[in-house]
Structures are given as structure tokens and as C-alpha cells.
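Chain naming here is simple, since letters A, B, ... match the order of the sequence lines and numbering starts at 1 in each.
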Amino acid sequence: MAEESALIEVKNLSINYDDFAALRDVHLTIQKGNITALVGPSGCGKSSFLQSLNRLTDLIPGCQTTGEMILGGKNILSPGCDVLSLRRKVGMVFQKPNPFPQSIRRNFEIPLREHGFSKLETTDRMEDSLKRVGLWNEVSNRLSRSAANLSGGQQQRLCIARALALDPEVILFDEPCSALDPHASGVVEDLISSLRGSVTVVIVTHNLAQARRIADHLAVFWVRGGSGTIVETGATDALFTSATDPDAKSYLTGIRG
Amino acid sequence: MSRLRSDRVLSFVLNAAALLCGALVLGIVLFLSIEAAPTIFSGKISAFFTDEKWQPGSERDPQFGIFSMLLASVLITLLAAILAVPVGICGAIFRVFYAPESLAKWQDRFLELLAGIPSVIFGFWGLSVIVPFINRYHPPGQSLLAAGIVLALMILPTIALTTKSALTAISPSLMAGAAALGLSRPAQILQVAIPTARKGIAAGCALGLGRAIGETMAVVMVCGNIAQIPHSVFDPVRPVTSTIALEMGYATAEHKSYLYAAGLVLVLMTALFLLVRIRKGASQW
């Protein structure tokens, strides 16, 4: 396990969709350089929580967040927060691979040029991050071909590389393996594991075995009184063997959920 | 009815419908070709491009030069495109990415209404509003410009509505991905949404332009109908379509055959235009 120091402090977070309280009173500390897995049944606010970490919740009409999320001394949720630079620091990889249906090279040029990198830096960063996700040898001779022609697993690794190219502090993964075949899923899982120490990872997964394999910390979400909340957090091994919350215990031991 | 049999019936109906669509196009081209045959096979068709003027009725010196009319058709279409394509695309971008829901609904409704107005009404409106307006600054008013403006209004809804469909068809996850990379709104739209939807947008423009090049009724009312090569947008012009519409009623023999041949040229021009587009659509980045 990497060295412990808090990178993100979530205090009293609640998320509402119009009148519906999706998430209520969530407290969580996310450790720097660690992998934190968010687990729990569907509809308990895991994805909403993840999306509020880079303010992607802003895109959802009627969505309101209250509480505090402190990253680098600043509250992510405050109206004054510079969302564009926040998203540069907090990258995201989605459930379904979503490369831009343009050339592989353009997939890097669009974000990197937008954030002010020169052409030369863009090429360097593209090569570095493609090597980091093990895709360089597969695509180096077809960078000007469409990313849409890659396989699902390759597309997902491209998306991870694209996020890494911006040198983020945190990468959020929203069930990154669930749309992939078992082989590609294994490759992506190993890749996420390899990020430990250099990037802070927060991952939503429905695959408990996966959470157990890769996560340092676990946050178990559950529905309480009609709204999602975190019922237990802790080190992965400890939680799998001795969770105290009855719901978390039965979920993690496979009795329920 | 057994499953197999219902399958066969459906397959037959679908095949027949598909065949009919193809046959119609071929049938029309064939009909035009047969009617134009006397002109084509006698070699007189070269008169289209060698004769200077269009005076088919003249007893002493009948001339059949259609270059000025083809040029007029192309110029009117081009002008309409220059006016309508940017407005249509920008309007659709506003509709999809900026307009509040209530306004967006109204924008759709008005565009659909605009698309449903008969072309004769457009012509009538052009004649009583656009033409006098141009006439105030640059007589006579009936001109290339008037035809271009009226046509632009007619094809605007086609371009705006197809662009809107293409933009709304983009997967939300793609746009969320763009946002998650810290792209600003304009960058999301210009660098991700537009390139992703470009085939649909191109199809909308092609549909609009196809309509523009063949449009007759509105144009005939505002273009001035003088077969000449225009020196400015204020000059009256006469496109191929107007000529066919105005003269087919009384044309006989040779004259009539020339009109059919002109129609054939128009169809070929549209086909060529579509062909270029299909080729372009097929090529990847």
C-alpha cells in the first residue's frame, strides 16, 4: 500500500436530482496515490458521487450538490471553482469506451492543444502515455487512422492514455471493465493497478473480486431511507474479512447483493 | 400463415419496393434520353455549348446555347448555399447546445413550418418583398441575388433540421468524455461534436442543394428570366429549370427535344454532385 496522505476530503456531501435525494451526508477521505473502490448495489449513488468529483454533475439538468469536497485546499463544489482546470487535474474514464471518432492522434491533440501544450509536447505526451498503457506498439504505425476501428479493449486503453496525457492527479473510473470481454478486462485491470503510486484512482465497480484484487481502500454504498450513502469505509482486506455494518458485511461476503 | 411464408411475403414486398425506387430513377432518365435522342444522336447537342444565345423560336437563326442558363443554375445554387449553410448550421448548434428547452421546441416548430410552405408562396413573397427591396438600391430587382435569397430561405430548414438531428444523435457519453477532458464548450462543439456529426451535416447540405438546383417555381418568379451571363448578383438570370417550365408548354419538334436534353443535363449535374459527395463520404480521415 502506498504512503497515506489525504488528497481529497469529502464532507457532508449530498446530491439531489430535482426533488430526489440520490446521495445524502457522505463523508470520505481519498488517499493520495491509492486505489479507492466504490462498491454497492445499483442505484445507491456511486456514479453520482464519482461524477461530482470532476463536476460532471453540472451537465445533468436539475442536479444539485451540497457539502464540501476539498482538493488541494480548494472546495471543488464551490461556484468559483475553475471547472476546466479541475477536470484537467481529475480525469475520467467511462464505462463504455468513448474515444472521439477521429484519428488516434486527434484524440490527444484535441485535449492537449486545448490546454495549451505545443505540437511538440503533444507528440511527446501522446507517445509517453500510449507506451504507459501498452498501446504504442499496437498503434504507432496507424496514428492517423480512426480510433473507432480499434477493438473495445484498445479503445478503453486509448481513453486511459488520453486521460493520462494531461498528467492528472486523480483518474475516476466508472465501471471501466464492464463493457469489455474477459481478456481485455484483465488487461485494463492490470493497467489500473499499475497506476498505483503515481496517480490517485477512484473506481466504481460491480465486480467485487476485482475490487478485492486492485483496491487499497473500499467504500461501501447502500440505500438508507430512500437515499444512497456510504455505510462503511476501510482498508480492502479488513473490510472483506470483518465489516461491521450488517449490509456491507452481507454484500461483501456474497450473502446479499 | 407459416413463419416461413410470412417471411417470404415480407421479403417480396420489400424487394418490390426497393426495385420500384431504383426503377423510377432509371425510368425518368430513360424517358428523358428517348425524348432527347433526336438532338443527341444528330450531334446537334453540341449547339448547347457552341451557340451563343438561346433563341429556339427564331425562324431565321435558331440558337440553342444553354451555357448561360447552366451557369445561372449553378450560381443561384451556390449563392443559396453561401447564405443558407452557415446560418443553418449555426442555428442548429444554437438549438442543440445553447437554447433552453422551451425555445428549442419553438425553433423546431418554426423550421418545420418554414419547410412546409409551398414554393409558389416563397416566390410570391420574394416578388413582393425581396425584389422591390433590391430594386430600390440596384434595379431591376429581379436578379440572381433575389433568386439566391429566396432559395436560401427555402433550403434553410432542410439544412438546419438535418444538422440538428445529426448533432442530437451524438452519444451523450462522447460529449461527457469531451467535457471530462476539460474542453471548453466551444472546443467541445467545434472539435468533437461537429467532426462527429459531419456526415449527417453534409447529407443535410446535399439534400438542400439538391432541392435548390432543381427548384423552379419560386425561382422563375424572381430571377428575371433573361438568358445571359450575369456580370453581378444584381443582373437578371435564367436557370435551366425556368426555361423548361416556361417553354415546354408551347415547344414543338426540335425545340422540345432540346428542352428534354437540357433536363437530362440538369439530372446529370445533380447526379454528379451526389457522386462527389458519396466519394467524399466514403473516404476516411
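Crowding of B/Met217 atom CE: a count of heavy atoms from other residues, nucleotides or ligands under 6.0 Å not exceeding 12. For B/Tyr98, the OH atom sits in a packed shell: over 12 heavy atoms of surrounding residues, nucleotides or ligands are nearer than 6.0 Å. Residue A/Arg113 qualifies as enclosed at atom CZ: its count of foreign heavy atoms under 6.0 Å is above 12. Within 6.0 Å of CD on A/Glu121 lie more than 12 heavy atoms contributed by other residues, nucleotides or ligands.
Using a 4.5 Å cut-off between heavy atoms, A/Val83 makes no contact with chain B at all. When heavy atoms are compared at a cutoff of 4.5 Å, A/Pro99 approaches chain B solely by way of its backbone atoms N, CA, C and O.
Note that CG of B/Leu190 is 10.0 Å distant from CD of A/Glu114, once rounded to the nearest 0.5 Å. Going from atom CD of A/Gln95 over to atom OG of B/Ser173 covers 9.5 Å, rounded to the nearest 0.5 Å. To the nearest 0.5 angstrom, B/Arg185 atom CZ is 11.5 Å from A/Leu84 atom CG.
For the pair A/Arg162 and B/Leu181, the minimum side-chain heavy-atom distance is below 4.5 Å. Counting heavy atoms from C-beta on, the side chains of B/Leu174 and A/Phe100 come closer than 4.5 Å.
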### Message
Please evaluate residues B/Gln191 and A/Arg106 with respect to the criterion side chain to side chain contact (heavy atoms under 4.5 Å, CB included), reporting the C-alpha separation (whole Å), side-chain torsions for both, the decisive distance (0.1 Å), and the verdict.
### Response
CA-CA 9 Å; B/Gln191 312 214 39; A/Arg106 282 295 289 163; 3.0 Å; yes
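Looking only at heavy-atom pairs under 4.5 Å with chain B, the residue among A/Leu166, A/Leu86, A/Asn98 that has the most is A/Asn98.
A pairwise comparison of heavy atoms in A/Leu59 and B/Ala179 identifies CD1-CB, 3.9 Å as the closest pair.
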